[in-house]
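Read the structure below first, then the notes.
On a predicted model such as this, the values are computed, not experimentally measured, just so you know. In each ligand, atom 1 is the first atom listed, and ligand 1 is the first ligand listed. The figures here come from the full heavy-atom set of this structure, side chains too, leaving out hydrogens, waters and symmetry mates.
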Amino acid sequence: MNLADINEVRKILELSGFSFKKSLGQNFLIDETVCPRMAEFSIKEGYGAIEIGPGAGVLTRELAKCAKKVVAIELDKRLKNILDQTLSDFDNVKVVFEDALKIDLKALIEEEFKDCNGVAVCANLPYYITSPLIMTLLQSKLPIKSLTVMVQKEAADRICAPVGSRDAGALTVAVNYYSTATKLFDVPKESFLPSPKVDSAVIKLELLDIPPVFVKDEKKFFSLVKACFAQRRKTFLNTVSNTLGIDKQTLRNALSSLGLPESVRGETLTMEELAKIADIIF
Ligand code: SAM
């Protein structure tokens, strides 16, 4: 079975009467070059793989060829019969029909990947939950080595932008706190069925053992980061005092102790500056 062949995928989906649900971000890959590359970037010798949203199983099959074991988490139970067919050649794949945002991943990893050298997440993510999924995977302190994921191109550019640059957002800071982010390659919209309105890109986030900066309280640090990007056109002083209710003099003192001007905007601050300010003001 050549699932990378658009006609094979179409045939299987048509025969089962499958209709794509936009609300579930169902744009399935039909470009035969993409899935092998994603699997190759993601999986090292002896690794286990977690896939979120296997769809018709095109990426799942490539992961199963490289990984010791694959666990694929799919929300849409209508895909069961299709996946039973497309994954029938592999005995190292398990499909779990659950919501990837709600499943207990820590328990799943402990149970399913005991004898693997490491665990990597590899997925063509449903676009409507890209940010919360990436944040959940990074913040849960799971024993995961990397996330190799397809996201919309705009999200990829934002995530991989340097902290402090124009393209960066709160997600950029969070991603760079937990991992090293690299954009691997672009994927045009024509590579999907149905074709979405925008292009995509594959990024790889390699999880760090230790964050690049030390902060006393991660929760408070991230509340400051969120506040800095809440009102992008305002100065740091105004947006942070408005959003977090911290008095301006405390913020002025923090800025001056770091030699930063009062007019600085939050989005231009580096990770180190944000960490130091958080430790001073909270
Ligand atoms: N991996 C397939 C591919 O590349 O062709 C399908 C990718 S499609 C962009 C996203 C998949 O995620 C769909 O199969 C969709 O049903 C599934 N999905 C959507 N929301 C989900 C959730 N909360 N948890 C798990 N899977 C979800």
Side-chain angles (χ1 to χ4, degrees), residues 1-14 16 18-43 49-67 70-87 90 93-105 108 120-137 140 147-153 155-156 184-185 187-203:
M1 184 185 299
N2 178 15
L3 279 189
D5 178 340
I6 175 174
N7 295 319
E8 284 280 347
V9 182
R10 277 215 170 103
K11 207 157 66 191
I12 294 170
L13 292 168
E14 268 168 29
S16 67
F18 185 79
S19 57
F20 292 93
K21 272 196 188 164
K22 205 176 167 188
S23 61
L24 290 180
Q26 289 181 336
N27 301 97
F28 292 180
L29 266 166
I30 48 166
D31 178 333
E32 63 190 31
T33 64
V34 176
C35 297
R37 287 179 80 194
M38 284 182 76
E40 200 181 313
F41 274 116
S42 172
I43 306 301
I50 297 177
E51 186 190 3
I52 290 157
V58 284
L59 176 60
T60 325
R61 288 172 62 92
E62 293 305 322
L63 291 171
K65 288 178 198 166
C66 318
V70 183
V71 176
I73 305 162
E74 173 58 62
L75 184 60
D76 190 350
K77 292 198 177 79
R78 297 175 308 149
L79 288 160
K80 184 171 184 318
N81 287 341
I82 294 169
L83 287 165
D84 284 346
Q85 289 175 61
T86 58
L87 301 176
F90 298 94
V93 181
K94 179 173 179 176
V95 183
V96 182
F97 287 93
E98 282 202 49
D99 185 335
L101 282 174
K102 294 189 184 146
I103 194 167
D104 182 347
L105 281 171
L108 182 145
V121 172
C122 186
N124 173 14
L125 290 181
Y127 72 94
Y128 75 105
I129 47 169
T130 299
S131 302
L133 251 179
I134 290 180
M135 284 314 296
T136 302
L137 291 166
S140 312
L147 316 179
T148 302
V149 288
M150 173 106 62
V151 298
Q152 290 190 341
K153 194 167 171 294
L184 297 178
F185 56 93
V187 181
K189 49 182 176 290
E190 296 75 26
S191 302
F192 301 89
L193 181 73
S195 182
K197 286 199 177 78
V198 293
D199 292 330
S200 292
V202 177
I203 58 172

Worksheet item: Are any side-chain N or O atoms of Asn27 and backbone N or O atoms of Leu193, one a donor and one an acceptor, separated by less than 3.5 Å?
Response: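 A pair under 3.5 Å: no.
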
Would you say the side-chain atoms of Thr86 pair up with the backbone N or O of Ala56, donor to acceptor, closer than 3.5 Å?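 The answer is yes, because a donor-acceptor pair under 3.5 Å joins these two groups.
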
Considering only the protein, which heavy-atom contact is closest to [atom], and what is its distance?
atom                    : answer
atom 19 (C) of ligand 1 : Leu24 O, 3.2 Å
atom 4 (O) of ligand 1  : Asn124 ND2, 2.9 Å
atom 24 (N) of ligand 1 : Ala100 N, 2.9 Å
atom 20 (N) of ligand 1 : Tyr128 OH, 2.8 Å
atom 5 (O) of ligand 1  : Leu29 N, 2.8 Å
atom 18 (N) of ligand 1 : Pro126 CG, 3.8 Å
atom 27 (C) of ligand 1 : Leu75 CB, 3.7 Å

Specify side chain, backbone, both or neither for [X], according to which of its non-hydrogen atoms lie closer than 4.0 Å to ligand 1.
X     : answer
Glu98 : backbone
Pro54 : backbone
Thr60 : neither

Under 4.0 Å to a heavy atom of [X] - the qualifying atoms of ligand 1, by number:
X     : answer
Val58 : 3 (C), 5 (O)
Ile73 : 25 (C), 26 (N)
Glu51 : 1 (N)

Should [X] be listed as contacting ligand 1, given a heavy-atom distance under 4.0 Å as the test?
X      : result
Leu59  : no
Lys21  : no
Leu101 : no

Would you say Glu40 has more than 12 foreign heavy atoms packed within less than 6.0 Å of its CD?
->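 No - once you tally the heavy atoms of other residues, nucleotides and ligands closer than 6.0 Å, there are 12 at most.
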
How long is the gap from CG on Leu105 to CD1 on Ile73, to the nearest 0.5 Å?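 Reported to 0.5 Å precision, the distance equals 5.0 Å.
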
Q) With respect to atom 14 (O) of ligand 1, which of Lys102, Gln26, Glu74 exhibits the smallest heavy-atom separation? A)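 It is Glu74 that holds the nearest heavy atom.
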
Candidate with minimal heavy-atom separation from atom 6 (C) of ligand 1, of Gly53, Ser200, Ser191: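 Minimum heavy-atom distance to atom 6 (C) of ligand 1 goes to Gly53.
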
query: Please walk me through it: do Tyr128 and Lys22 pass side-chain contact (heavy atoms from CB on, under 4.5 Å)?
result: CA-CA 10 Å; Tyr128 75 105; Lys22 205 176 167 188; over 6 Å; no

